[in-house]
Each structure stands twice: as C-alpha cells, then as structure tokens.
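Predicted model, so just to flag it, every value in this text is computed and none were measured.
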Protein chains: 2
Amino acid sequence: MPVRAWTQTLDLALTYGSGQQIYAEGDRAHSVYTVVSGAVRTVRHSADGRRQIGGFYYPGELFGLEAEEERLFAAEAIRPTRIRSIRRETATQRVIIETALQELSRANQHLAMLGRRSAEEKIASFLLDLALAGPAHQAALPMSRQDMADYLGLALETVSRVLGRFQEEEIVVFASCREFSIIKRFRLLRLASA
Amino acid sequence: MPVRAWTQTLDLALTYGSGQQIYAEGDRAHSVYTVVSGAVRTVRHSADGRRQIGGFYYPGELFGLEAEEERLFAAEAIRPTRIRSIRRETATQRVIIETALQELSRANQHLAMLGRRSAEEKIASFLLDLALAGPAHQAALPMSRQDMADYLGLALETVSRVLGRFQEEEIVVFASCREFSIIKRFRLLRLASA
DNA sequence: CGGCGGATTGATGTACATCAAGATATGTGG
DNA sequence: CCACATATCTTGATGTACATCAATCCGCCG
C-alpha cells in the first residue's frame, strides 16, 4: 500500500485505551487515520439506543473517510490502539481515492451481509472474513459479542448461541472466547453462501 | 454538479427498456454512467436466488463506480431509461472522487437502514427518502414492491402490508400503487427514527 | 375483452428477540 | 497471590415480528 510512505512522514501518532473514543458522531471530518496497532470500530447510535457498527479496522488499514462534512459514525478503539492521523488537506487525491474505493467495497460487502440472510449465514461469513486476515486457520476475535451482534444486525444472545452450535458440530474451536480456529472450512463456506 | 459538463461532451447516450440489463455481475468495470432519464437499480444475486438491491439511481446521478475490477452488482433499467457512459480512463480524478464519496454516503445510509430496524421503520425511512427527491409531499415510486423488499431486506408481502397499514392510518395516500403523497409527515418521521 | 404480471390479503409457521438466571472471565486493591 | 467486584459470555424459557404458502384481486397491454 503506497499510502504508507505518507503516513510515516506526516502528522502524529496517538494512543487510545480500550473503548476510548477517537472521534464522535457529528464531529467535523478533517482527518483520516491509519491503524498502527490494535483495532478500531466505527459506531452509530439511533435515538432509542440501538447501535450499528459500520466496520472494524486492523493495523495497516485506513479509516475515517466520510462523504459529509460531519461524521455519521463515531470511531472507538476496541482495545489498546495506536493510530496516526492525516489531515485531509495534506492527503493526496490518490490517498483519498484509494480509501474511498476501499471503503465502498467494504460497505458493499457489509450490505450483502445484512440483507435477508440467516444468523448462521451472517456469522459464518463473518468468521471466514476474520480468518482471511490472519494466518492459516487460526484467528483472533478482537471484538465483543455485542460488537459482532451490532455489526451483523443480531442480538448478542443469538451470536453466542450460533457460535455455540458451530462448536458443538466442531466446525470451529475456540481456544478462548476471543480466539478460534476453523476446523471444517468447507462446511463453514457452505453455511456462509447458502 | 460540475460533473455534468463532462458528461455532455463525452461518450455516447444509450437507451434501455424496462428491466433491461445495463451491465452484469462479473463484467469488467471500465465505465461509470449518468442517468439521463428513467431510473436504474443495482442488483446482486446469491447462489440460492435471493436478490439484494444495492441502490436506486435517478436522473442526474452517477452509478457504476466499483472498487474491484469485476462488478459485484449488475445494473438494470427499472423503466425505459436513457443513460450516458464515461470510460474510466477519460474520467477525471475529480469525477471519481465525487462519485466515490457520494456512493460511500449512499452505502452508509443503506447500512443504517438494514441493521436491526423494524419493517415499519425501514419503510417509513424509504418513503421519506423518496419524497425528498421529488416536489413537496408528492412522489413517484418507480420500483416494484419486490424491488423495495430486496432493497430493505424484507419479503414483498411485508412491504405491501405495511404500506396498507400506513394508508389505513392515513399517514400516506396512494393515487396509484406507484404514486403517493405523504399526509402526516411528522408521524412518518417518528416511525422512521424510532 | 381476455390474459398476465404485479399487488393485496389471509392463515400458518418459525427464526430470532427479549427476558431472566447463571457461569466465566477480567480487573483491582489488599 | 488471592478475594472480591464487575463486565462479558452462555444457556434456558417464552413471545413476536416477519417469512412463507396460498388464493384472490387489480391494472395494463394486446
């Protein structure tokens, strides 16, 4: 990613603790950010307190580009996290385009995930996505069950139950509740794309 | 929209009939398009035949920008439609950025619509969005109930029933089944953002 | 006028939410 | 390092919003 070269030289590194807010809904969107270490979620709250998660971001990824002047989503560190900021004026058009297209792709993936799919399908795809990022058949799950639920449009109990079922059938194994490996990848693939 | 100037001078106008495909899933994404007249939907099919609609596009809007080389969504005319194409090489960075940010915003709106909201909330927001585009309190509904359903992640019967209920309560009135006006805007707003 | 795709309406089933306890993990101060 | 406190996760019982299945109705075009 050629973006790296810029982020190294520009602006400052910042550190956030677990759950700490990086920016809020309604803030002016003057910067974009790269995750150096840790993990970030973008979040939006509706009037009655329901939460929608826009996406999760891992080291090397850019987040915080929004179309509007005012942010629709807030960003929060999921765990201790270091990021670097790039003011929008200093960002090249190239960086903006790349980020925008990347975000677009991400949003479309997410859309496909939410529309008219069963809890099992959603969770299966989610696990496969996570596993892609990490090394072969072994992945970390940095976010809470609640985060997963809010990302997938489910109740957290449903997430827990489906994960339970997947374990029963030995499709995946959880070392801890935040770390898993996929045993029957083909079954998971079939569940995901049903 | 400064984009107009370009689209006037470049490339050719094309005409499509109702339901006709403009491009298919998997096609190379070498162009973006502007709607001249009519209306367009972007569509994606899952293995088992379920359909997800990515968005609807009306005159003056740009569609067809995708992050990947191969298109994830197909595009179809909803009714007789004229469009103009712009090859990606000829498009300015400015056009690309504008489109990308616009699409991003659209996708995020759509995401907010799909996550953990009731049928009533979804349909209320949808109607309000449509009404925004048109003149005061009177709007056309160019797409079928099935299209609405696939956009909102609902069954078409549910869409029909909720629209029925809205009419009973005189929140909206349908002149024909493709044209409506909003009577009790404030109630609709409350339903939408509950 | 007759036929056909789209829309409405009704009866029934089910996947998932919600409510409610417990069990496990995580962290803090003694 | 342990004991307590608090957050997170799991598991169970019950309710409900929406899907599904199945007619019937309506508007549109030949």
Can you list everything that forms a side-chain hydrogen bond (donor to acceptor under 3.5 Å, both in side chains) with B/Glu89? Sequence neighbours excluded, please. B/Arg87
Which residues satisfy the side-chain hydrogen bond (donor to acceptor under 3.5 Å, both in side chains) test with B/Glu120, sequence neighbours excluded? B/Arg165
Taking salt bridge (Lys or Arg N to Asp or Glu O under 4.0 Å) as the test, write out the residues that go with B/Arg71, two or more places apart. B/Glu66
Residues two or more places apart in sequence or in another chain: which of them pass salt bridge (Lys or Arg N to Asp or Glu O under 4.0 Å) with A/Arg82? none
Give a yes or no on whether the backbone of A/Ala13 and the side-chain of A/Arg84 come within a donor-acceptor separation of less than 3.5 Å. no
Backbone N/O of B/Thr158 and side chain of B/Ser160: donor-acceptor pair under 3.5 Å: no
Pair listing, salt bridge (Lys or Arg N to Asp or Glu O under 4.0 Å) test, anchored in residues 143-163 of chain B, at least two apart: B/Arg41-B/Asp147, B/Arg51-B/Asp147, B/Arg51-B/Asp150
Separation of D/dT10 P from A/Glu157 CD (nearest whole Å): 11 Å
Given atom CG of A/Asp147 and atom P of D/dT8, what is their separation to the nearest angstrom? 9 Å
Map A/Arg116 and A/Ser144 onto DNA chain D by nearest heavy atom, then report which one ends up closer to the 5' terminus. A/Ser144
First encountered from the 5' end of DNA chain D, between A/Gln146 and B/Thr158: A/Gln146
Students often mix this up, so state it plainly: with edges at 30° and 60°, are the rings of B/Phe180 and B/Phe174 parallel, tilted or perpendicular? tilted
Modelled atom types, side-chain donor and acceptor of B/Glu121 and B/Ser118, under 3.5 Å: yes
So, A/Thr34 versus A/Glu61: side-chain donor-acceptor pair below 3.5 Å or not? no
Which pairs count as ring pair (Phe, Tyr, Trp, His ring centres under 6.0 Å) when at least one residue sits in residues 81-114 of chain B, sequence neighbours excluded? B/His110-B/Tyr151
If a pair satisfies ring pair (Phe, Tyr, Trp, His ring centres under 6.0 Å) and one of its residues is in residues 73-107 of chain B, list it, with sequence neighbours excluded. none
Span of DNA chain C engaged by chain A, first through last nucleotide within the 4.0 Å heavy-atom cut-off, is C/dC16 to C/dC19
With axes from five pairs an end, tell me the bend angle of the helix from C/dC1-D/dG30 to C/dA21-D/dT10, nearest 10°. 40°
Show me the donor-acceptor pairs within less than 3.5 Å that the side chains of residues 22-29 of chain A make with the rest of the protein, sequence neighbours left out.
residue	atom	partner	partner atom	Å
A/Glu25	OE2	A/His45	N	3.0
A/Asp27	OD2	A/Ala24	N	3.0
A/Arg28	NH1	A/Glu69	OE1	3.4

What nitrogen or oxygen pairs link the protein and nucleotides 24-26 of chain D at under 3.5 Å?
none

Please list residues of residues 161-183 of chain B whose heavy atoms come under 4.0 Å from any atom in DNA chain C, ordered by number; otherwise none. B/Arg161, B/Cys177, B/Arg178
Base, sugar-phosphate alone, or nothing: which one does A/Ser160 contact when heavy atoms must sit under 4.0 Å apart? base
B/Gly153 near the nucleic acid: base, sugar-phosphate alone, or nothing, with a heavy-atom cut-off under 4.0 Å? sugar-phosphate
